[in-house]
Amino acid sequence: LWVSVTLLFFGALSTAFTKMGFSWSDALFLLAASLVGAGMNFPLFTVKSKVPVVRETFVRSFGMVYRVPVVKTVTNETTVAVNVGGALIPVLVSAYLLLTYHQVAPIALAGTFIVALVTHSVARPIRGLGIATPLFIPPLTAALSALILTVAFCPIPECRFVTAYVGGVLGTLIGADLLNLSRISDLGAPVASIGGAGTFDGIFMTGVIAVLIV
């Protein structure tokens, strides 16, 4: 059963990437790189925590349980890091799509703006974890905005898929993470990993789910 579920899961993810013009081999490579990169967090900077740093390794948020990266430290600081698989790779894919489908870039950036606004409005600080959002609101927003924008300005499949993915990834990154950097010191999290809560975080999954929906 678990083998079947896993195959269906990776099959769905691969389908999302092929819809955006990637070959199956490219899709599998991106999935493998994302899976490996999910365990890699690159520290960016540290901030002094205004509250005691939580030492639990698991935190519950919106009905989900997340494993929190823990740093052995005696200082009351929060390390802000970027996760390779959950954030860096999706952002690089988004940049590639914007450059490849440059005629879609204005529409995709408009979708990004919409997703960022909605995501920022529902993002909530979770003590010991970071900034969390309800699982399905960002991808649904990305898919809906992509459908509306492309029907009005670019009614072809490539526009729809690229707008959904880029809007989902960059909109979630901006709305949930970048616009909330000033709140990191209030969270008491040992590590605030952008794109790193779980194997595939909201940034990665938002773009993929949005593409599958549209």
[atom1]-[atom2] distance between [X] and [Y], expressed to the nearest 0.5 angstrom:
| X | Y | atom1 | atom2 | answer |
| --- | --- | --- | --- | --- |
| Ile156 | Thr150 | CD1 | OG1 | 9.5 Å |
| Cys159 | Leu147 | SG | CG | 12.5 Å |
| Leu98 | Leu170 | CG | CG | 6.5 Å |
| Ser25 | Phe17 | OG | CZ | 13.0 Å |
| Ser121 | Ile137 | OG | CD1 | 7.5 Å |
| Phe136 | Ile209 | CZ | CD1 | 5.5 Å |

ILVMFWY network linking [X] to [Y], side-chain heavy atoms under 4.5 angstrom:
| X | Y | answer |
| --- | --- | --- |
| Val93 | Leu28 | no |
| Leu144 | Leu109 | no |
| Ile194 | Leu179 | yes |
| Ile203 | Phe113 | no |
| Phe42 | Leu173 | yes |

Looking at every heavy atom in both [X] and [Y], which two are closest together, and how far apart are they?
| X | Y | value |
| --- | --- | --- |
| Pro90 | Gly85 | CD-O, 3.5 Å |
| Cys154 | Ile107 | CB-CD1, 3.4 Å |
| Leu97 | Met20 | CD1-SD, 3.6 Å |
| Ala142 | Gly167 | CB-C, 4.4 Å |
| Ala27 | Ser14 | CB-O, 3.9 Å |
| Gly175 | His120 | O-ND1, 3.1 Å |

Whether the side chain of [X] engages the backbone of [Y] through a donor-acceptor N/O pair (distance < 3.5 Å, no angle test) should be reported.
| X | Y | answer |
| --- | --- | --- |
| Arg160 | Val214 | yes |
| Asn41 | Ser193 | no |
| Thr18 | Thr15 | yes |
| Thr172 | Val169 | no |
| Tyr165 | Ala16 | no |
| Asn180 | Arg183 | no |

Side-chain touch [X]/[Y], heavy atoms, less than 4.5 angstrom:
| X | Y | answer |
| --- | --- | --- |
| Pro43 | Val80 | no |
| Thr78 | Val191 | no |
| Tyr101 | Thr163 | no |
| Val104 | Glu158 | no |

Check the pair Asn83, Leu88 against side-chain contact (heavy atoms from CB on, under 4.5 Å), reporting the backbone distance first and the verdict last. CA-CA 6 Å; Asn83 185 267; Leu88 185 57; over 6 Å; no
Determine, stepwise, if the pair Ser145 / Val115 fulfils side-chain contact (heavy atoms from CB on, under 4.5 Å). CA-CA 8 Å; Ser145 61; Val115 176; 4.1 Å; yes
Whether over 12 other heavy atoms sit under 6.0 Å from Phe45 CZ: yes
Working for side-chain contact (heavy atoms from CB on, under 4.5 Å), residues Trp24 and Asp26: CA-CA 5 Å; Trp24 275 99; Asp26 290 337; over 6 Å; no
Would Leu149 and Ile114 satisfy side-chain contact (heavy atoms from CB on, under 4.5 Å), going step by step from the backbone distance to the final call? CA-CA 11 Å; Leu149 289 170; Ile114 295 171; 4.3 Å; yes
Do Phe22 and Tyr96 have ring centroids that are under 6.0 Å from one another?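 Yes, ring centres under 6.0 Å apart.
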Please name the residue in the list Leu92, Val36, Ile89 that meets the side-chain contact (heavy atoms from CB on, under 4.5 Å) test with Val84.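 When side-chain contact (heavy atoms from CB on, under 4.5 Å) is applied between Val84 and each of Leu92, Val36, Ile89, only Ile89 qualifies.
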Result for side-chain contact (heavy atoms from CB on, under 4.5 Å) between Pro139 and one of Val208, Leu212, Thr206 points to Thr206
